[in-house]
Each structure stands twice: as C-alpha cells, then as structure tokens.
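Every chain is numbered from 1 and lettered A, B, ... according to where its sequence line falls, protein lines coming before strand lines. None of the values given here were measured: they were computed from a predicted structure.
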There are 2 protein chains.
Amino acid sequence: MSNTNIKTLSPRKQEILTAAQKLFSEKGFNAASMRDVAKKLDIRPASLYSHYNSKDDILWEIAIRCANEFHQKVDPIAKLDLPIEVRLEKMITAHIYVIIKNINASAIFFQEWKHLNEPRLSEYAQSVAEYEALFRNLIQEGIQEGIFRNDLRPGFITAMILSSVNWIHQWYKPEGNMTAENIGKQAVRMILEGLYKAG
Amino acid sequence: MSNTNIKTLSPRKQEILTAAQKLFSEKGFNAASMRDVAKKLDIRPASLYSHYNSKDDILWEIAIRCANEFHQKVDPIAKLDLPIEVRLEKMITAHIYVIIKNINASAIFFQEWKHLNEPRLSEYAQSVAEYEALFRNLIQEGIQEGIFRNDLRPGFITAMILSSVNWIHQWYKPEGNMTAENIGKQAVRMILEGLYKAG
DNA sequence: GTCTATAGAGAGATAGAC
DNA sequence: GTCTATCTCTCTATAGAC
C-alpha cells in the first residue's frame, strides 16, 4: 500500500490535476464539474477524457498521490532510532509539511474521500489505518516506557493529535509567514506540554 | 445572531430534517438527493416541497439550528464567574455534548457549510466567528493571568483545541460507552496537561 | 399534504472529424 | 490531443388533480 509506485505525470495530466485539486477542494467533488475543470484549462470538457477516463479517476489520482506523500515522508521517520518524543515531533512536523505543501490535495484527502467507490475506498481506508497506526504505536510505546501519560487510551490520543493538525488546511494561508516547521514546533509543544503554563 | 429564535417544527418537517441530516452527513449535501430524502420517508419527492421550498432551505435549517444549539449551550458558561480553567473545561464539555447529541447535524455543520449561499453563508461565518471568539477570549484571559502558557498565540491554540474536538463526529459511535462528559474530561486533560506524564 | 407528470437545467461521458 | 455535437441520466423544482 505505502509502496505503490507513483508515475510521473505528463504535463497535461499535471495541469488537469492541479486545476481539479483547486476546484474539488474549493467547491467539493460533486459541486465541481468536469466543465469547470476544462474551463480552467481553456479546453473543451471532452478533451479531458483523452487524459483521464473518468472524474472518479481524477479523484483517485489525487487521493492516492496524497496518501503516498504522507507515507513517503513519515514512514522513514517512524523507523529512526531516536527518542520517542523526538520521533513524534519529527513525524508531526513532516505530516504538517505534507499538508502545507499539498494544501488543496490534502483538503480533498481529508474531506472528499467518501466519494471514492469500492474497491478504491477500501484501499484508501487501509492506507489511512496503516498511517494512523504509525502514530498510535509510537504513543503506545511512549506510554509503556513511562514517558507519556497512561490515563488516556492511545487511540484516543492519536485521534486528538491528528484531528488537531488535519484541520490546518481550513485556516492555513500560504501568504502568511508560518512555515511547516514553525507550525509543527508550536503544535508539538501544545500536544506534549499542554496549555498550562509550566512550573 | 446567537439569539435567533428557533421555532418548533411540525412533525413532518422534523421527519424530513432527520432524514436529511442522516443522508447529507453520510453522502454529502450534493450527493444526497431530494429523491433520497423522499424515499427514506416513503413519500414522493414533490411532497417535500409542501414543507420546504428548496433543498438549500433544508441545509440552512440544519446549519442554523446547530449553530444555535452550540451558542445556547456554551454562551452562558462563558459568562459564569468561575476559574478560567474550569470555565474552559465546562465549555469544551458542553461543546462536545452538542456534537454528540446532534451527531449528524454537527457533521453537516462542520463539513457542508460551503454549500450555503449568500447571504446565509455570511451569517453562518459570523456565528462561527463569534463562537470561536468565546474560546479565544477565554484563552487570552488565561494567558494574561499567567495560568496558560504565553509562547503560543491565542488564535492558534483555539484552532488546535476546536479542531481536535470537531473531528469527533468522524469516529464517535453512539453504541460505544463513551459519554460526552467522559470524552470531555479526557479531551480537557489532554488539552490542559499535554501528553507528557506529570511529574 | 400527497400524488402523477414533467419541465428545464446540468451532469458525466462518448462518437467521430480533424 | 482537441474539437463539435450529442446521448443519456439525474437532478431540483413546478403545475395541477385529488
């Protein structure tokens, strides 16, 4: 799943994908039409079908490429021989990096996945489950080692952490001065240390 | 905005709303059709229009009633004369309570608002902004009083907190044994104290 | 208030010329 | 690979009988 090879796209396919990502994320998959995508590229709707066989195929390409991006950036960090809290910090920062570098694609990844059909929907779900397990296992490890609190279930903690960062695409504006590292550091501080003032 | 009076619905309108909430939240607003709603109630699609003038009107009723529910439950708590962290805990718990008691409506509230049209979209945005300000102002207060950490911006903290709890509708299953109070207490612990083991 | 029937718009997708 | 033209389907919504 996480090893799916992602081919390089032809220039035209890349243009279509970029236009579709913007439109699908702004209006939602169903509200954005193939006519909208074509208009954005100044071609006729029918021409799109020389590159993609269906609208569903475009959604799938967006989703699977985004899933691969998350895995590609985060999987290696989970295997590093580093202190647990350092690994968690690096994984969260990498996760946020992927979101910010693929702001439209990640919005679709998180919000429009329900419009995938089987068997793709199951493949998506499995990829997400495996990805979340990276975080959950690390947190579990931290609890067992006595670093992390042991009064909350790892699944609950994981859900809260990923939820808090997966919403970034809703408010992040590229023109702002916050980098992924910047946001990552702040998010990790909040997640690890909480809101109370230390001391 | 937060004082909009919510009328009691006729039994039929309530049935339509319940069916629409389930379908809109499961399939998304655009993918769920008026035919789907009618089928669920075992009536003809045309009959729906004796109760609601349009599909947009149904979405609006769902959104505005949910917004009012949040304000109605949380606004009074923000005004209570209680320690800041107690107020925050009670507000978060009440917020989670509204999500869980209106699991379909809140999913639509958070995910389908982009399908609102003007001027309703602006009214929605203002209601949300006012609501978020309740939390942000409280956090700001806590920072000034030296209770909360002062190295993170209140807006950033607010976004992280609300994001982490607004995702509950994605994983919450009513058949589970977690109550709103239960989830609220755990979420608040995580938010205030963080992941690190105390001591 | 619900029905049958259907108008009118817009969707995804295909055929075949160039 | 892009075009024109169009098929077919589904959607929201309306008209008018009961």
Item to complete: From the options B:Lys197, B:Lys185, B:Arg189, select the one residue that forms a salt bridge (Lys or Arg N to Asp or Glu O under 4.0 Å) with A:Asp151.
Response: B:Arg189
Discussion item. For a quick test of reading the model: is some side-chain N or O of B:Arg44 closer than 4.0 Å to OP1 or OP2 of C:dT4?
Written reply: yes
Fill in: Between C:dA13 (C1') and A:Asn53 (CG): distance, integer Å
11 Å
Practice prompt. Determine, step by step, whether B:Asn30 and A:Phe29 satisfy the side-chain contact (heavy atoms from CB on, under 4.5 Å) criterion, reporting the C-alpha distance in whole Å, the side-chain angles of both residues, the deciding distance to 0.1 Å, and the verdict.
Written response: CA-CA 9 Å; B:Asn30 274 285; A:Phe29 175 70; over 6 Å; no
Worksheet item: Is the distance between the ring centroids of B:His169 and B:Phe109 under 6.0 Å?
Response: no
Item to complete: Please report, rounded to the nearest Å, how far the C1' atom of C:dT2 is from the OH atom of B:Tyr52.
Response: 17 Å
Worksheet entry | Atom-to-atom span, CZ of A:Phe29 to P of C:dA11 - whole angstrom | 13 Å
Worksheet item: Taking atom C1' of D:dA13 as reference, at what distance in whole Å does atom CD1 of B:Ile43 sit?
Response: 15 Å
Discussion item. Nearest whole Å is fine: how far is C:dC3 C1' from B:His51 NE2?
Written reply: 12 Å
Worksheet item: Roughly how many Å is it from CG in A:Asp36 to C1' in C:dG12, rounded to a whole number?
Response: 13 Å
Item to complete: Look at A:Ser50 and D:dT2 and indicate whether a side-chain polar atom (N or O) is within less than 4.0 Å of OP1 or OP2.
Response: no
Worksheet item: Quick one: the side chain of A:Arg35 and the base of C:dG12, do they pair up donor-acceptor inside 3.5 Å?
Response: yes
Fill in: d(CZ, A:Phe24; C1', C:dA11) in whole Å
13 Å
Worksheet item: What's the shortest heavy-atom distance between A:Trp60 and A:Leu116, and which atoms?
Response: CE3-CD2, 3.7 Å
Worksheet entry | A:Ser47 side chain near D:dG1 phosphate (N/O to OP1/OP2, under 4.0 Å) | no
Discussion item. Between P on C:dA11 and OH on A:Tyr49, what's the gap in Å once rounded to a whole number?
Written reply: 11 Å
Worksheet item: To the side chain of A:Ser33, which of D:dC11, C:dA11, D:dT2 is closest?
Response: C:dA11
